[in-house]
Visitor: 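Got a structure here, written out as structure tokens. Questions coming.
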There are 2 protein chains.
Amino acid sequence: MDVSVKGEYALRAVFELSRHGRPEPVKIAKIAERQKIPQKFLEMILAQLKQGGYLGSRRGVDGGYFLARPPDQITVGDILRQIDGPFQPAKRPFADEPTDSPFPEMWDRVERALSCVIDRTTFADLVERWRQRRVKGIPNWQI
Amino acid sequence: MDVSVKGEYALRAVFELSRHGRPEPVKIAKIAERQKIPQKFLEMILAQLKQGGYLGSRRGVDGGYFLARPPDQITVGDILRQIDGPFQPAKRPFADEPTDSPFPEMWDRVERALSCVIDRTTFADLVERWRQRRVKGIPNWQI
DNA sequence: CCGAATCCCTAGTAAAATAGTAGGGATTCG
DNA sequence: CGAATCCCTACTATTTTACTAGGGATTCGG
């Protein structure tokens with residue numbers, strides 16, 4: 001019931017690109033350095049995100065990766081599913097095969113609950129909240 | 001983001017015991033047969049659930065496993081955590097180490113959303129819903 | 001057209017987790 | 001005592017995870 005580090009890396013990478021703003025591409029090396037991700041591993045992750053249609057890229061001297069759509073149109077769920085695959089918490093029986101088990105209905109509820117968070121959180125949201133916290137000076141002491 | 005089959009087996013086993021009602025113990029072999037679980041594997045799972053305090057057991061000719069508390073006081077979350085470990089979706093930074101990341105807060109939300117389902121669903125609930133569906137004749141056609 | 005910088009692609013791999021199996025020992029009870 | 005059951009330790013095959021290696025294909029300034 002946890003996310004792979006590959007998934008975490010993917011989220012951090014997309015966050016980095018979202019934070020950066022649109023126009024120019026960001027180099028893999030730069031993302032790897034800022035987010036502390038092994039570079040070669042990151043290469044594979046970014047390729048996977050590109051082929052899912054979330055990123056674009058350009059080669060050559062001023063190359064790099066960039067978001068393929070604005071950050072308010074990419075959700076955490078999109079990225080997680082692209083990297084870690086769809087997450088049904090448990091094997092689903094075929095829909096027309098009546099099952100004598102109380103669990104499928106519960107897994108549905110789990111899935112919906114999860115979806116309410118990850119499919120409604122966009123990277124624009126993440127950036128905005130992160131900026132808010134920055135200006136408030138990160139108040140992490142108590143009273 | 002999925003549950004291990006070990007976890008599923010554990011849920012099915014506890015469901016079987018809950019369904020059965022309290023007094024006499026149920027044999028491993030019986031549970032294994034009714035829920036289609038490899039017997040030797042199930043032995044390990046039940047031992048783990050016992051040492052977590054959820055089940056009791058008795059050896060000998062009329063031995064078997066039984067619930068250590070009534071089914072309305074055991075939740076799906078209890079069992080899942082006992083078998084698969086605590087599920088933080090992602091590594092948590094230490095609480096007092098201010099992190100410059102927007103994700104921990106989101107993982108908190110994920111965890112709470114999940115908890116709302118699995119920590120509020122007891123095995124008494126599962127049995128009851130399952131019985132309800134039984135009497136209604138499993139209406140799984142549309143209109 | 002050269003060559004430097006960058007992304008792109010295939011393959012390999014060590015370590016850990018998963019999903020079991022095997023074999024016998026300890027209890028209980030009639 | 002002896003049959004039925006749970007109990008305990010160890011082993012193992014397969015898959016997944018988290019990488020690393022090495023070079024090929026593009027782009028672009030000069």
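Proteins come first, then strands; the chains are lettered A, B, ... in the order of their sequence lines, and each starts at number 1.
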Visitor: Hey, does the side chain of Arg81(A) reach the backbone of Pro86(A) with a donor-acceptor pair shorter than 3.5 angstrom?
Guide: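 Pair absent, no side-chain N/O of Arg81(A) close to backbone of Pro86(A).
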Visitor: Could you give the CD1-to-C1' distance, from Ile45(A) to dC9(C), as a whole number of Å?
Guide: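 In whole Å, dC9(C) C1' lies 16 Å from Ile45(A) CD1.
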Visitor: Counting the atoms with a prime plus P, OP1 and OP2 as sugar-phosphate, which does Ile28(A) contact under 4.0 Å by heavy atoms, base, sugar-phosphate, or nothing?
Guide: sugar-phosphate
Visitor: Starting at the 5' end of DNA chain D, which residue's closest nucleotide do you reach first, Gly7(A) or Glu43(A)?
Guide: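 The residue mapped nearer the 5' terminus is Gly7(A).
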Visitor: Within this structure, what is the NZ-to-C1' distance between Lys6(B) and dT21(C), rounded to whole angstrom?
Guide: 14 Å
Visitor: Within the distance-only criterion (no hydrogens, no angle test), does the side chain of Asp119(B) pair as donor or acceptor with the backbone N or O of Cys116(B) below 3.5 angstrom?
Guide: no
Visitor: Step through it carefully: locate the ring centre of Phe41(A), locate the ring centre of Tyr9(A), and say whether they are under 6.0 Å apart.
Guide: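 Close enough - the centres of the two rings lie under 6.0 Å apart.
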Visitor: Backbone N or O of Ile28(A) within a donor-acceptor pair of the Glu43(A) side chain at under 3.5 Å?
Guide: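 Checking the backbone N and O of Ile28(A) against the side chain of Glu43(A), no donor-acceptor pair under 3.5 Å is found.
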Visitor: Would you indicate what Lys30(A) reaches in the nucleic acid, counting non-hydrogen atoms under 4.0 angstrom: base, sugar-phosphate, or nothing?
Guide: nothing
Visitor: If you assign each of Gly64(A) and Met44(A) to its closest nucleotide in DNA chain C, which residue comes earlier from the 5' end?
Guide: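 Nearer the 5' end of the strand: Gly64(A).
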Visitor: What's Lys40(A) touching, base or sugar-phosphate or nothing? Going by heavy atoms closer than 4.0 Å.
Guide: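 Answer is base: heavy atoms of Lys40(A) come under 4.0 Å of a base.
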Visitor: Could you tell me whether Arg12(A) and Glu16(A) make a salt bridge, using a distance below 4.0 angstrom between a side-chain N and a carboxylate O?
Guide: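 Result for this pair is no, no salt bridge flagged.
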Visitor: Compare every heavy atom of Trp107(A) with every heavy atom of Leu11(B), then report the nearest pair and how far apart it is.
Guide: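 That closest heavy-atom pairing would be CD1-CZ2, 3.7 Å.
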Visitor: Please identify the 5'-most and 3'-most nucleotides of DNA chain D with any atom under 4.0 angstrom from a heavy atom of chain A.
Guide: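 Footprint of chain A along DNA chain D, 5' to 3': dA18(D) to dC28(D).
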Visitor: Between Ala29(B) and Tyr9(A), name the one whose nearest nucleotide on DNA chain D is closer to the 5' end.
Guide: Ala29(B)
Visitor: Output the distance between atom CD1 (Ile79(A)) and atom CD1 (Ile45(A)), rounded to the nearest 0.5 Å.
Guide: 11.5 Å
Visitor: Using a 3.5 Å limit on both pairing distances, list the dot-bracket string of DNA chain C from the 5' end; Watson-Crick and G-U wobble pairs count, crossing pairs take [ ], interstrand pairs take |.
Guide: ||||||||||||||||||||||||||||||
Visitor: Salt bridge (Lys or Arg N to Asp or Glu O under 4.0 Å) between Asp100(A) and Arg133(B): does it pass, once the steps are laid out?
Guide: CA-CA 9 Å; Asp100(A) 186 29; Arg133(B) 262 202 309 162; over 6 Å; no
Visitor: Given 3.5 Å as the limit, does a donor-acceptor pair link the side chain of Arg69(A) with the main chain of Gln73(A), or not?
Guide: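 Side chain of Arg69(A) to backbone of Gln73(A): a pair is present.
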Visitor: Just the rounded figure in Å: distance from C1' of dG20(C) to CG of Leu42(B).
Guide: 12 Å
